[in-house]
Amino acid sequence: MPTTYKILGQLAPADTNDANLYTVPSSTQTVVSTISVTNDTATSATFRIYIRKNGASAAALNTLYYDTPLAANSTLLITSGLTLGAADIITVRCGTANAITFQAFGSEVS
């Protein structure tokens with residue numbers, strides 16, 4: 001089972017809708033080592049992160065962060081060691097369009 005270390009996803013949502021940052025490929029398991037959340041504006045903004053099992057809808061049950069405030073021009077590094085199976089999804093949302101960028105780093109095992 002080869003392991004590939006990589007950037008799993010990078011996303012800068014242009015609106016305030018849910019957006020998928022990363023979907024685990026079929027026949028693959030993933031360990032998410034770090035998620036980076038950056039507010040690159042001069043105003044505070046909020047964000048959400050959902051960890052959706054096998055494509056479930058974003059809901060309270062799978063919320064990792066919900067309407068969490070992030071100060072202007074700052075970054076939050078979430079070091080978590082999340083383990084995901086095939087078809088699991090990391091979904092993100094920002095409370096202010098064009099304010100926050102998300103990055104996920106980790107390893108895929110296939």
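Computed from heavy atoms alone, side chains included, the values below leave out hydrogens, waters and symmetry copies.
- Here OG1 of T46 is found 9.5 Å from CG of L70. Values are rounded to the nearest 0.5 Å.
- When hydrophobic clusters are built by joining Ile, Leu, Val, Met, Phe, Trp and Tyr residues whose side-chain heavy atoms come closer than 4.5 Å, directly or via intermediates, I90 is grouped together with V24.
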Evaluate side-chain hydrogen bond (donor to acceptor under 3.5 Å, both in side chains) for S110 paired with T28, printing each intermediate quantity in order. CA-CA 4 Å; S110 55; T28 303; 4.9 Å; no
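- The distance from atom OG of S44 to atom CG of N73, rounded to the nearest 0.5 Å, is 11.0 Å.
- A pairwise comparison of heavy atoms in D15 and C94 identifies O-SG, 3.6 Å as the closest pair.
- When only modelled atom types and interatomic distance are considered, Y22 and E108 share a side-chain donor-acceptor pair under 3.5 Å.
- In this structure, the side chain of N62 engages the main chain of S57 through a donor-acceptor pair within 3.5 Å.
- The closest side-chain donor-acceptor pair between R48 and Y66 falls under 3.5 angstrom.
- Considering L21, V31, V32, T23 in turn, V32 is the only one that fulfils the side-chain contact (heavy atoms from CB on, under 4.5 Å) rule with L8.
- Between the side chains of T91 and N20, at least one donor N or O sits under 3.5 Å from an acceptor N or O.
- Of the charged side-chain nitrogens involved, none lies within less than 4.0 Å of a carboxylate oxygen, so that R52 and D88 do not count as a salt-bridged pair.
- L77 CG to I35 CD1: the interatomic distance, rounded to the nearest 0.5 Å, is 11.0 Å.
- Side-chain N or O atoms of T63 include none that pairs as donor or acceptor with a backbone N or O of Y65 at under 3.5 Å.
- Residues I51 and L84 meet the side-chain proximity criterion, which asks for heavy atoms closer than 4.5 Å.
- Nearest approach of A42 to A72, heavy atoms of both residues: C-CB, 3.3 Å.
- Linking ILVMFWY side-chain heavy atoms closer than 4.5 Å, directly or via other members, places L82 and Y50 in two distinct hydrophobic clusters.
- N39 and T41 share a side-chain donor-acceptor pair at under 3.5 Å.
- Using a 4.5 Å heavy-atom cutoff, the side chains of S36 and T75 are in contact.
- Pairing each heavy atom of I100 with each of P13, the nearest pair is O-CD, 3.3 Å.
- For CG of L61, the number of neighbouring non-hydrogen atoms (other residues, nucleotides, ligands) closer than 6.0 Å is 12 at most.
- At a threshold of 4.0 Å, the pair R93-D18 counts as salt-bridged, since one of the basic side-chain nitrogens sits closer than that to a carboxylate oxygen.
- L11 and F105 fall into different hydrophobic clusters, defined by Ile, Leu, Val, Met, Phe, Trp and Tyr side-chain heavy atoms under 4.5 Å apart, directly or through other members.
- Across every non-hydrogen atom of A86 and N54, the tightest pair is O-OD1, 4.0 Å.
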